[in-house]
Each structure stands twice: as structure tokens, then as C-alpha cells.
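In what follows, a single structure is set out as C-alpha cells and then discussed.
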Amino acid sequence: MISHIDLDYFYAQCEEVRNPDLRKRPVVVCVYSGRDGDSGVVSTSNYNARRLGVTSGMPIKMAKSKFTKSEIDPVFLPVDLDYYRQFSTAAMEIIQVSCDIFEHVGIDECYIDISRASDSNYMKSAAIVNYIQNKVYSKTNLTCSIGVGPNKLVAKIASNIRKPNAITVVNPSDVKAFMRRCKIEEIPGVGPKKKLRLEALGIRSVKELGEIDLFRLKEVFGYKIGSYLHNAANGIDDSPLKPNHHNKQIGNIVTLKHDITNSEEASPVLMSLCTHVYNILIRREQAYRTVNLILILHNLSQFNASRTLKLISSSLDKLQQIAIELLADIIRVHSLSFNNIRRIGITLSDLSGHSGQNTITRYFAEETKV
DNA sequence: GCCACGCCTCGTC
DNA sequence: TTACGGACGAGGCGTGGC
């Protein structure tokens, strides 16, 4: 029996705890790009803001326009990740001691296995998660929404079905009916693009998704996603909880103050991105093997290029050199000019240094041998 | 024909 | 009318070795 715990409207709720006077007002937490005053997007908002149509990912200017005809005085705040992380750590520590297996997913959510604590009794499970919910609130002043189900998929959808500060328990015997009531986009992994592709197949409901020929789904979405979608429509999911989660990537993407117009302007930005991710890499005692460069142009079109090394590396020089080569690759392959580059990002992956893998020390020993 | 790998796109929060 | 971040994970697809 799995439970999914989601801290409600997390960033905005942290801001409400910091300043309780905000609770009555719409609170919109934003990522400001620094381009001009209101360039950027909404990260999270509280329910007062959501009721007026503010959603995550919405441009800040659009969010502000939602209040122009209203008497209500909204609060727009920049994200303060370090502050939110303290709440996340505190809440996760409380949850972790209440269960056997714990999987931390992102800053504001986690899965726990409560089979043993509840003796696999669904009536009992509600009392257990209610206890956790109260304990998190008493220690952090944060509310959370909790779903319980026979697997991660159902638990996650359940935690999202009623919010905030709610508990939704789905008994195994109710899973099929529960899934049939869901919207297709409530299935994790189904975003706007997959929704459109499903609609093109004539699938608009979870019921229709569950009934379509599995081979057709695999043909269109590939083996794994096809199987996943088919199972998900029927509430089937056998993915295990993954404790000891380690980051698999280290990335940094920035929006430039002004669109770049030539390669000379791109170079210092790239160097700075490389240094940033490199510092994190070294702090985590890791090394990289793959470097990915992402370019986003003024019209928001996106281009990627990546390179995987024969050997893992911990060299900043090599990273910077690859970044410059990847930038040149993208420009050449897509026949772009340096005009209109709005955002640039670097991501390191194929990281080593976790337990069971090469440590950076061992890597240095290996590299000197070569 | 299978598999591993490298590259890229799509998804979530 | 328009507006537009950042960090991360998963998996599809093409390719090349066997």
C-alpha cells in the first residue's frame, strides 16, 4: 500500500508561513528572468490567486493582467529556494520516520510504503496518513494533501484529486471506477502533447484509453509508453519505490538580459554556466561523461546538442571547450545565426561518484593510468 | 535481429 | 493583444557492432 504526500501550493504556502498576513491575499511566487521588470513566469500561486485564473508557468505579465479589473491586491514575490528547502527538509524528516520505505520526489512531494504500518488495511491507512498530515502541520505550519492506493500511480492521482489539506484513499476494489472518473491529463506523463496525440487516435477519456488495442498504443507511443498508458488507464502500476534517490543530472539554464547577437557575447555566458555546474559537480564529488547544451531563441524555439565522452571527466577546461563546440554545432547544423538567442543552458549527465559507481578519486587513478 | 549507446524530445513541478 | 523559468527524469529513435 502506497501513499503519496504532496505539500500544498508549496512555495506560496511557505511565503504565507513567513508572513501570515498574506493568507487573505492572492500570492504569486515568480521566477523573474531579470530581462525587464516583469519578464518571467509564475512558479506557484496560492488558491486566492488560482481562483482568478493564475496558473503555474504563466507569464508574469499575464498573471498581473488577471488582477487589473479586480479590487483585490495581489502579492508578487520572487522564489526563495533556500528558504523553501528548509521547510521541505523538515517535512520530509517527519514523514520519513513514520514509514518503512520512503522516496523523495522533488522538493514538495514523496511516496511512502505504509503496508506494514497499516497491516494493509485501507481503513487503518486513513488514520495513519491523517496522523502524518497533522504532525507535518504542527511542526511546519504547512498543509499537505495525501493519496493512498495500491500503487504509486493511484496514490499520486489520489493526492491530487482533492486539495488542499485533504486525504483520498482508493481501495483496490475501487481503482477501476476511480480511474474512469479521471481526466486523461490527470495521468502522470500525459501532458498537452500526448493529449493531442491521444485525441488524434479518438481517445478523449480514460475509459477509451483503457479499451484501445494495446498494439495500436505501442505502435504510436513506443513499447514502454504504450504499455504504461494502457496499464495506467486501468490503474495498474508495478513500479517500485526508489529510496536513496541521487540526482542524475546537474544543469543550469539562464535567460539572457538581452538576446545575444554574436559568438563573442555567447562565450562568457557559456563559461559562467560551465563554472556553475562544475562547482556543483565538485561539491558532490562527482564526474561527468555527457554534456548537453540547450539554446532557446527569441521565438521560444528550442535546440539541443550533446556529447558523450569516452571516459568520465572532472575537467572544467574540457567542459568549457565542449560547450563552445556544441554551441558551434547547433548553429551550424540548424543553420542559425547568433541573433535572437534568448536562453542558454548546460546540463551534465552520466554522472559518476555515487555509491556503487566510480568515485572521483578512483576516476583520477583510472585516468592517470590511461 | 538484438542490444547498447548516443542524442534528443517530452514530461513534471 | 501579448506576455514565457529553471531543474530534473524518462524514454523514443537512429545507428553501429556483433
Side-chain angles (χ1 to χ4, degrees), chain A residues 4 6-12 28-45 54-66 68 78-79 81 84-85 88 103-110 156-157 159-160 185-197 218-229 232 239 242 245-256 259 273 276-277 280 289-310 326 329-330 333-334 342-351:
Chain A
H4 180 256
D6 190 26
L7 297 164
D8 295 320
Y9 63 103
F10 183 53
Y11 295 177
V28 186
V29 181
C30 304
V31 183
Y32 289 93
S33 68
R35 276 211 145 199
D36 58 56
D38 283 335
S39 174
V41 299
V42 173
S43 183
T44 322
S45 59
V54 175
T55 56
S56 296
M58 175 181 278
I60 295 168
K61 285 171 191 157
M62 194 189 287
K64 289 206 164 171
S65 75
K66 303 282 177 189
T68 49
V79 288
L81 266 184
Y84 311 144
R85 276 199 194 100
S88 172
E103 178 182 345
H104 193 173
V105 192
I107 193 166
D108 64 344
E109 57 181 291
C110 66
K156 179 159 174 75
I157 298 174
S159 73
N160 197 43
E185 61 270 27
E186 284 172 337
I187 295 175
V190 179
K193 302 227 175 185
K194 278 206 188 68
K195 191 183 173 194
L196 277 178
R197 288 168 71 190
K218 286 181 177 171
E219 203 174 74
V220 175
F221 291 97
Y223 185 86
K224 281 214 174 188
I225 292 179
S227 314
Y228 167 75
L229 289 172
S239 59
K242 293 174 211 140
H245 168 82
H246 289 294
N247 284 353
K248 294 176 180 171
Q249 303 175 3
I250 299 171
N252 187 207
I253 178 167
V254 289
T255 302
L256 305 159
D259 292 355
L273 287 169
H276 182 88
V277 293
I280 298 172
R289 201 160 80 86
T290 299
V291 182
N292 182 67
L293 180 82
I294 180 170
L295 272 196
I296 295 166
L297 305 187
H298 188 76
N299 64 7
L300 303 183
S301 57
Q302 185 173 317
F303 300 89
N304 281 278
S306 65
R307 184 169 311 160
T308 300
L309 302 170
K310 289 266 180 283
L326 287 174
D329 282 356
I330 293 182
V333 169
H334 299 283
R342 182 183 177 93
R343 306 173 65 198
I344 304 185
I346 286 280
T347 299
L348 304 179
S349 55
D350 277 331
L351 304 177

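When reading the values below, keep in mind they use all heavy atoms of this one structure, side chains included, and skip hydrogens, waters and symmetry mates. A, B, ... follow the sequence lines: proteins, then strands. Residue 1 opens every chain. As the structure is a computational prediction, the values presented were derived from the model and not from experiment.
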For this session: Would you indicate what A:Val105 reaches in the nucleic acid, counting non-hydrogen atoms under 4.0 angstrom: base, sugar-phosphate, or nothing?
Result: nothing
For this session: Respond yes when some side-chain nitrogen or oxygen of A:Ser33 is under 4.0 Å from OP1 or OP2 of C:dG5, and no when none is.
Result: yes
Exercise. Is it true that a side-chain atom of A:Gln249 and a backbone atom of A:Ser349 form a donor plus acceptor pair closer than 3.5 Å?
Worked result: no
Exercise. What nucleotide among B:dG11, C:dG6, C:dC8 has an atom nearest to a side-chain atom of A:Asn247?
Worked result: C:dC8
Exercise. At under 4.0 Å between heavy atoms, what does A:Thr44 touch on the DNA or RNA strands: base, sugar-phosphate, or nothing?
Worked result: nothing
For this session: From the options C:dC8, B:dC10, C:dC4, select the nucleotide whose nearest atom is closest to the side chain of A:Arg342.
Result: C:dC4
Exercise. Is A:Ala305 touching bases, backbone alone, or none of the nucleic acid, heavy atoms closer than 4.0 Å?
Worked result: sugar-phosphate
For this session: To the nearest Å, give me how far apart NE2 (A:His104) and C1' (B:dC13) are.
Result: 12 Å
For this session: Starting at atom CG of A:Leu196, determine the distance to atom P of B:dG11, rounded to an integer number of angstrom.
Result: 9 Å
Exercise. Does the side chain of A:Asp6 come under 3.5 Å of the side chain of A:Asn160 through a donor N or O and an acceptor N or O?
Worked result: no
For this session: Mind checking A:Leu300 for me? I need base, sugar-phosphate or nothing, with any heavy atom below 4.0 Å counting as a touch.
Result: base
Exercise. A:Arg343 near the nucleic acid: base, sugar-phosphate alone, or nothing, with a heavy-atom cut-off under 4.0 Å?
Worked result: base
Problem set entry | Residue-phosphate contact under 4.0 Å: A:Thr308 side-chain N/O, B:dC7 OP1/OP2 | yes
Problem set entry | Rounded interatomic separation in angstrom, taking CZ from A:Arg289 and P from B:dC7 | 9 Å
For this session: State, without any angle test, whether A:Thr308 and A:Arg289 hold a side-chain donor-acceptor pair at a distance under 3.5 Å.
Result: no
For this session: Ignoring backbone atoms, establish whether A:Lys193 has a side-chain N or O less than 4.0 Å from OP1 or OP2 of B:dC10.
Result: yes
Exercise. Can you say whether the rings of A:Phe303 and A:His334 are parallel (under 30°), tilted (30 to 60°) or perpendicular (over 60°)?
Worked result: tilted
Exercise. Using a cut-off of 4.0 Å on non-hydrogen atoms, how would the nucleic acid contact of A:Lys64 be classed: base, sugar-phosphate, or nothing?
Worked result: nothing
For this session: Have a look at A:Glu109 and say if it touches a base, only the backbone sugar-phosphate, or nothing, with a 4.0 Å heavy-atom cut-off.
Result: sugar-phosphate
Exercise. Rounded to whole angstrom units, what separation is found between the OH atom of A:Tyr32 and the P atom of C:dG5?
Worked result: 13 Å
For this session: Check every atom of C:dA10, B:dG11, C:dG5 against the side chain of A:Lys248 and return the nucleotide holding the closest atom.
Result: C:dA10
Exercise. What residue among A:Thr255, A:Leu300, A:Val254 forms side chain to side chain contact (heavy atoms under 4.5 Å, CB included) with A:Arg343?
Worked result: A:Thr255
For this session: Using a 4.0 Å heavy-atom cut-off across all strands, classify A:Lys156 as base, sugar-phosphate, or nothing.
Result: sugar-phosphate
Exercise. A:Leu295 has an atom CG; how far is it from atom P of C:dG5, in whole Å?
Worked result: 15 Å
For this session: State which of B:dC8, B:dC7, B:dC10 makes the closest approach to the side chain of A:Asn304.
Result: B:dC8
Problem set entry | Contact under 4.0 Å: A:Lys194 side-chain N or O vs B:dC10 OP1/OP2 | no
Problem set entry | A:Ile296 CD1 to C:dC4 C1', straight-line distance once rounded to whole Å | 10 Å
For this session: Please indicate whether A:His298 has more than 12 foreign heavy atoms, meaning atoms of other residues, nucleotides or ligands, lying under 6.0 Å from its NE2.
Result: no
Exercise. Under 4.0 angstrom, heavy atoms only, what part of the nucleic acid is A:Lys310 near: base, sugar-phosphate, or nothing?
Worked result: nothing
Problem set entry | Whether A:Ser56 side chain and A:Ser43 backbone form a donor-acceptor pair below 3.5 Å | yes
Exercise. Does the side chain of A:Ser65 get closer than 4.0 angstrom to OP1 or OP2 of C:dT2 through an N or O atom?
Worked result: no
For this session: Remember a base hit wins even if backbone is also touched, and classify A:Asn292 as base, sugar-phosphate or nothing at under 4.0 Å, heavy atoms.
Result: nothing
Exercise. A:Ser306 has a side chain; which of B:dC8, C:dG5, C:dA3 sits nearest to it?
Worked result: B:dC8
Exercise. Reckon A:Asn252 touches a base, only the sugar-phosphate, or nothing at all at heavy-atom distances under 4.0 Å?
Worked result: sugar-phosphate
Exercise. Using a cut-off of 4.0 Å on non-hydrogen atoms, how would the nucleic acid contact of A:Ile107 be classed: base, sugar-phosphate, or nothing?
Worked result: nothing
Exercise. Taking the C1' atom of each, how far is C:dG5 from B:dT12, in whole Å?
Worked result: 14 Å
For this session: Have a look at A:Val42 and say if it touches a base, only the backbone sugar-phosphate, or nothing, with a 4.0 Å heavy-atom cut-off.
Result: nothing
Exercise. A:Ser39 near the nucleic acid: base, sugar-phosphate alone, or nothing, with a heavy-atom cut-off under 4.0 Å?
Worked result: sugar-phosphate
Problem set entry | Proximity to the side chain of A:Val41 - top-ranked nucleotide from B:dC10, C:dG5, C:dG6 | C:dG5
Seminar exercise, completed: Whole-Å distance, A:Ile330 CD1 to B:dC7 P, equals 12 Å
Exercise. Quick one: which of B:dC8, B:dC13, C:dC4 gets closest to the side chain of A:Asp108?
Worked result: B:dC13
For this session: Using the closest heavy atom to pick a nucleotide of DNA chain C for each, name whichever of A:Leu81 or A:Gly40 lands nearer the 5' end.
Result: A:Gly40
Exercise. Hey, which of these two, A:Met62 or A:Lys224, hits DNA chain C nearer its 5' end, going by closest nucleotide?
Worked result: A:Met62
Exercise. Within the distance-only criterion (no hydrogens, no angle test), does the side chain of A:Thr290 pair as donor or acceptor with the backbone N or O of A:Asp350 below 3.5 angstrom?
Worked result: no
For this session: Find the distance A:Tyr223:OH to C:dG14:P and express it as a whole number of Å.
Result: 19 Å
